[in-house]
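Residue numbers start at 1 and run along the sequence shown.
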Amino acid sequence: MWPTSSRRWGGEAVFALPASVRVVLATEPVDMRKSIDGLMALVRTAWGEDVYSGHLFAFVSRRGDRIKVLTWSRGGFVLLYKRLETGRFRLPPVDAGAQVVHLDATQLAMLLDGIDVAQVRRQPAWTPPGRTGT
């Protein structure tokens, strides 16, 4: 799942995800007692997503201090779990009625690091002349 890993200046391990990775974040809180099978069922039935796609599926607890990220990798599921000792994860804005929010790898990394994704401003992406942006 994690193509490369490196060390940050403080010695903390960092996982590098390709910019093309698709991240799907649940908009409603999820019971953190759910196992891989319970989260997998939610992805399949409620969202209609393919759990074996290699995409990352993220779930936040009711209190907002815990997050689980589920993905399929080479013959097995990987489940990342993070609990904040203080504070809450700052979720991105959600459209009314949406079940999920799509993030990119950078936004997921910021979310896991405690950065308020809604407050981050990006420069407009450059598009080569004659092409339409995506």
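H55 and T71 get closest at one heavy-atom pair: O-OG1, 2.9 Å. Shortest non-hydrogen contact noted between E49 and V24 is OE2-CG2, 4.5 Å. Closest heavy-atom contact between G87 and D65: O-CB, 3.8 Å. Taking every heavy atom of both residues into account, F77 and L70 meet most closely at CD2-CD1, 3.8 Å. Here the shortest heavy-atom pairing between P92 and V101 reads CG-CG1, 4.0 Å.
With a 4.5 Å cut-off on side-chain heavy atoms, V60 and R66 do not count as touching. At least one side-chain heavy atom of L112 sits under 4.5 Å from a side-chain heavy atom of L80. Using a 4.5 Å heavy-atom cutoff, the side chains of L111 and V23 are not in contact. You'll find the side chain of V117 stays beyond 4.5 Å of the side chain of L91, heavy atoms only. Side-chain contact check for W72 versus D50: every heavy-atom pair is 4.5 Å or farther apart.
Side-chain atoms of D113 do not come within 3.5 Å of backbone N or O of I115 as any donor-acceptor pair. Judged by distance alone, the side chain of K68 and the main-chain N or O of K34 form a donor-acceptor pair under 3.5 Å.
Aromatic ring pairs are classed by plane angle as parallel below 30°, tilted from 30° to 60° and perpendicular above 60°; the pair W47 and F57 is tilted.
More than 12 heavy atoms of other residues, nucleotides or ligands shown are found within 6.0 angstrom of CZ on R122. No more than 12 heavy atoms of other residues, nucleotides or ligands shown are found within 6.0 angstrom of CZ on R62.
Checked against the 6.0 Å centroid criterion, the rings of Y81 and F59 do not qualify as a close aromatic pair.
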- Would you check, one step at a time, whether the test side chain to side chain contact (heavy atoms under 4.5 Å, CB included) holds for L25 with Q107? CA-CA 11 Å; L25 173 67; Q107 290 170 315; over 6 Å; no
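From L39, atom CG reaches atom CE of M32 across 7.0 Å, with rounding to the nearest 0.5 Å.
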